[in-house]
Amino acid sequence: MGNFFTDNERLKFHLHNDMMKEIIRLKERDYADKDKYDFAPESYEDAIDSYEKVLEIVGEITSDVLAENAKDVDIEGPKIEGNAIVYAKGTQRNHEALRDAGLYGMSLPRQYGGLNFSYVPYVMAAEIVSRGDCGFANIWGLQDCAETIYEFGSEEIKNEYLPRINKGATCSMDLTEPDAGSDLQAVRLKATYDEQAGVWRLNGVKRFITNGDADIKLVLARSEEGTTDGRGLSYFVYDRNNKAVTVRRIENKLGIKGSPTAELVFNNAPAQIVGERKLGLIKYVMSLMNGARLGVGAQSVGLAEAAYREAVKYAHEREQFGKPIANFAQVYEMLGNMRAKTDAIRTLLYETARQVDMYKSLDAISRERKLAVEEKQLLKAHLRLADALTPMLKLFASEYANQITYDCIQVHGGSGFMKDYACERMYRDARILTIYEGTSQLQVVAAIKGVTSGIYAARIKEYEAVEVSGELATMRQELIKMRERYESILEKAKELGTASEAFDFVSRRLVEMAGYLIMTNLLVNDAARNDIFTRSARIMTALSKSEIEKAAVYIDNFNPDILEDYKSLL
């Protein structure tokens, strides 16, 4: 029997980050639950021990059940029977195994049946699940909807739905429509209040809904008559037991085939409003989307880890010209880059998760008591950083997962193109990661604010202040030179006018420059604590230098007139 937690020492390294003591203290309210619940921790050590034990269970189930079912799930897929989506048999077994182990609602408070885990172990569990089956991670990961209900729902709604999620009720977030994809302000599904019944009624169509026939649905709908923008949208919770939604079809997708993506018709469906009217998109969906993007980051890292391991295994087994292909420079360069890139996006993943942990705990405390001035400042600082790092994570993790699965097939050669090998499925699964929950292009739009505001540069300097020695100090000096190059090129780019089309055109290069500096500095700091990261830090330093210089040369020589050349080709 394998275990996808214990066989990866990098996970335990990130679980034991120094920030976790404060994160757990805040999450546990100074361990206030220890006398109320038998399973509540009494100390940091006790909490970490609980995290590790649960992650071992996740790792075992993922290895023995999810990974074993992944091929059959990809072939069988879901189907519609009697206006209900029926999972593939393997998907249903996956769900039952994780449900029976109590692994839904991990981060929710104990009063609703949750484990009250911080975000870091929850995200780690999502990474592990994704390594087993990237598609099933969508079904398991949509328990994120519980966080939105917990943060913004009334006590009545929380008491009704949260215990059900902890018992394995499935969730979906129903946002997109045929004419409202990335532009959610264009949502048209109508919500009208039924005075007689005392409920809202939803009517309209939703499209590309992941896990579309879920038990509990969070639905973005237009509640304000005569509006056309985001200010007319509210957020609603719908219970599948009301049987007022028609499953029109399941999309036939390139990958993640076990995760049903549906088109739905709401037929006078009764629903309850979550939070306040008019804040559906502006506040609640934005919060949920940030969580979803963190989830895609975890999904990407898990899939990258799986693809890297498949490639290494095959490269050592496959012989050509009398020796394993792993011994050829062209192959081991690919393998080394795969390892380094996976380590890079993983360190960014948990850096982001820690920031989310801090601000979410402080925000929850603010609803229980008034925060001290220092706590308010801390909340704002962590929220600001989490908002800046989340699009950076989504951009790099999803793009790297695509690169790594691509290289996994390349290592396999012709065999990788055949369905006999898992890498073919992984490659197809990876393709959606740069698209859903906001395309890579939209992540750049969000992340460029971190460039122009100086948030990224300030954070990079904080990483540089961490003391390292020997070879790592040499890498750090290289990174400082790169950061100075980045700052000088940013000033050059600003001459275009930050609100100009020309600046938008070069913005991805600026975001990527910042991303390379953030990830590589984090890796250098990781290597100072554990030398298993030294090789990855060295590879990423060389890669970052090359990529940053390439972007810098392009911007340095950029002529805005070239925009007309691009437009003329449309």
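None of the values given here were measured: they were computed from a predicted structure.
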Check whether F533 forms a cation-pi arrangement with R10 (NZ or CZ under 6.0 Å from the six-membered ring centre, at most 45° off the ring normal). yes
Could you check whether R354 makes a cation-pi contact with Y119, meaning its NZ or CZ is under 6.0 Å from the centre of the six-membered ring and within 45° of the ring axis? no
Strictly below 4.0 Å, N to O, side chains only: are [X] and [Y] in salt-bridge contact?
{"X": "R509", "Y": "E547", "answer": "no"}
{"X": "R485", "Y": "E487", "answer": "no"}
{"X": "K461", "Y": "E464", "answer": "no"}
{"X": "R207", "Y": "E177", "answer": "no"}
{"X": "D174", "Y": "K217", "answer": "yes"}
{"X": "D74", "Y": "R428", "answer": "yes"}

S172 and N211: CA distance, side-chain angles, deciding distance, side chain to side chain donor-acceptor pair (under 3.5 Å) verdict: CA-CA 6 Å; S172 69; N211 205 27; over 6 Å; no
Look at atom [atom1] of [X] and say whether more than 12 heavy atoms of other residues, nucleotides or ligands are closer to it than 6.0 Å.
{"X": "E276", "atom1": "CD", "answer": "no"}
{"X": "Y238", "atom1": "OH", "answer": "yes"}
{"X": "Y554", "atom1": "OH", "answer": "yes"}
{"X": "R188", "atom1": "CZ", "answer": "no"}
{"X": "K253", "atom1": "NZ", "answer": "yes"}
{"X": "E501", "atom1": "CD", "answer": "no"}
{"X": "N252", "atom1": "CG", "answer": "no"}
{"X": "K494", "atom1": "NZ", "answer": "yes"}

Say you draw a straight line from [atom1] of [X] to [atom2] of [Y]; how long is it, rounded to the nearest 0.5 Å?
{"X": "M540", "Y": "N521", "atom1": "CE", "atom2": "CG", "answer": "11.0 Å"}
{"X": "E512", "Y": "L517", "atom1": "CD", "atom2": "CG", "answer": "12.0 Å"}
{"X": "T210", "Y": "I139", "atom1": "OG1", "atom2": "CD1", "answer": "9.5 Å"}
{"X": "M482", "Y": "M513", "atom1": "CE", "atom2": "CE", "answer": "10.5 Å"}
{"X": "L279", "Y": "I273", "atom1": "CG", "atom2": "CD1", "answer": "9.0 Å"}
{"X": "T91", "Y": "N94", "atom1": "OG1", "atom2": "CG", "answer": "6.0 Å"}

Give the intermediate values and the outcome of side chain to side chain contact (heavy atoms under 4.5 Å, CB included) for residues D239 and D215. CA-CA 6 Å; D239 188 335; D215 299 313; 5.9 Å; no
Are side-chain heavy atoms of [X] and [Y] found at a separation under 4.5 Å?
{"X": "L254", "Y": "D429", "result": "no"}
{"X": "E351", "Y": "M519", "result": "no"}
{"X": "D387", "Y": "M286", "result": "no"}
{"X": "E251", "Y": "E263", "result": "yes"}
{"X": "Y359", "Y": "V356", "result": "yes"}
{"X": "E224", "Y": "R231", "result": "no"}
{"X": "I404", "Y": "E305", "result": "no"}
{"X": "L348", "Y": "L389", "result": "yes"}

Which atom of [X] lies closest to which atom of [Y], heavy atoms considered:
{"X": "R293", "Y": "E437", "value": "NE-O, 2.7 Å"}
{"X": "S300", "Y": "L433", "value": "OG-CD1, 3.5 Å"}
{"X": "K360", "Y": "S287", "value": "NZ-OG, 4.4 Å"}

Evaluate the criterion side chain to side chain donor-acceptor pair (under 3.5 Å) for residue pair S536 and R339; output intermediate values, then yes/no. CA-CA 7 Å; S536 288; R339 173 76 278 165; 5.0 Å; no
Check the pair R483 / I480 against side chain to side chain contact (heavy atoms under 4.5 Å, CB included), numbers first and verdict last. CA-CA 5 Å; R483 190 252 305 156; I480 289 171; 3.9 Å; yes
Quick check: W200 with F266 (ring centres under 6.0 Å apart)?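 No - the distance between ring centres of F266 and W200 does not fall below the 6.0 Å cut-off.
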Results of ring-ring contact (aromatic ring centres under 6.0 Å, His included) for Y87 - residues two or more places apart only: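 Scan of Y87 (ring-ring contact (aromatic ring centres under 6.0 Å, His included), adjacent residues dropped) gives none.
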Residues S118, K27; criterion side chain to side chain donor-acceptor pair (under 3.5 Å); working and verdict: CA-CA 6 Å; S118 77; K27 183 70 175 176; over 6 Å; no
Less than 3.5 Å apart, any donor N or O on the side chain of [X] or [Y] sitting next to an acceptor on the other?
{"X": "Y463", "Y": "R459", "value": "yes"}
{"X": "T352", "Y": "T390", "value": "no"}
{"X": "T434", "Y": "S398", "value": "no"}

For Y235 and Y284, take the angle between the two ring planes, folded into 0 to 90°, and tell me which bin it lands in: parallel under 30, tilted 30 to 60, perpendicular over 60.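 The arrangement is parallel - the two ring planes meet at less than 30°.
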Aromatic ring pairing Y516/F396, orientation class (parallel under 30°, perpendicular over 60°, tilted between): perpendicular
L264 vs T246, side chain to side chain contact (heavy atoms under 4.5 Å, CB included): CA-CA, chis, key distance, verdict: CA-CA 6 Å; L264 310 168; T246 301; over 6 Å; no
For E399, which of K394, K341, R508 qualifies under salt bridge (charged side-chain N to carboxylate O under 4.0 Å, His left out)? R508
Between L385 and Y456, does a side chain to side chain contact (heavy atoms under 4.5 Å, CB included) hold up when you go through it step by step? CA-CA 9 Å; L385 196 52; Y456 294 142; over 6 Å; no
I'd like to know whether Y122 forms a side chain to side chain donor-acceptor pair (under 3.5 Å) with D144, so could you lay out the CA-CA distance, the side-chain angles of the two residues, the decisive distance to 0.1 Å, and finally the verdict. CA-CA 10 Å; Y122 170 61; D144 274 354; 2.7 Å; yes
Pick from L26, D357, L383: which one makes a side chain to side chain contact (heavy atoms under 4.5 Å, CB included) with L362?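 Per the side chain to side chain contact (heavy atoms under 4.5 Å, CB included) rule, the option paired with L362 is L26, out of L26, D357, L383.
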Acceptor/donor pairs from residues 130-138 side chains to any protein atom, 3.5 angstrom cut, sequence neighbours excluded:
residue: S130; atom: OG; partner: A126; partner atom: O; Å: 2.7
residue: R131; atom: NH1; partner: F4; partner atom: O; Å: 3.4
residue: R131; atom: NH1; partner: D7; partner atom: OD1; Å: 3.0
residue: R131; atom: NH2; partner: D7; partner atom: OD2; Å: 2.8
residue: D133; atom: OD1; partner: G135; partner atom: N; Å: 3.0
residue: D133; atom: OD1; partner: F136; partner atom: N; Å: 3.3
residue: N138; atom: OD1; partner: Q299; partner atom: NE2; Å: 3.2
residue: N138; atom: OD1; partner: Y436; partner atom: OH; Å: 3.1
residue: N138; atom: ND2; partner: Y436; partner atom: OH; Å: 3.4

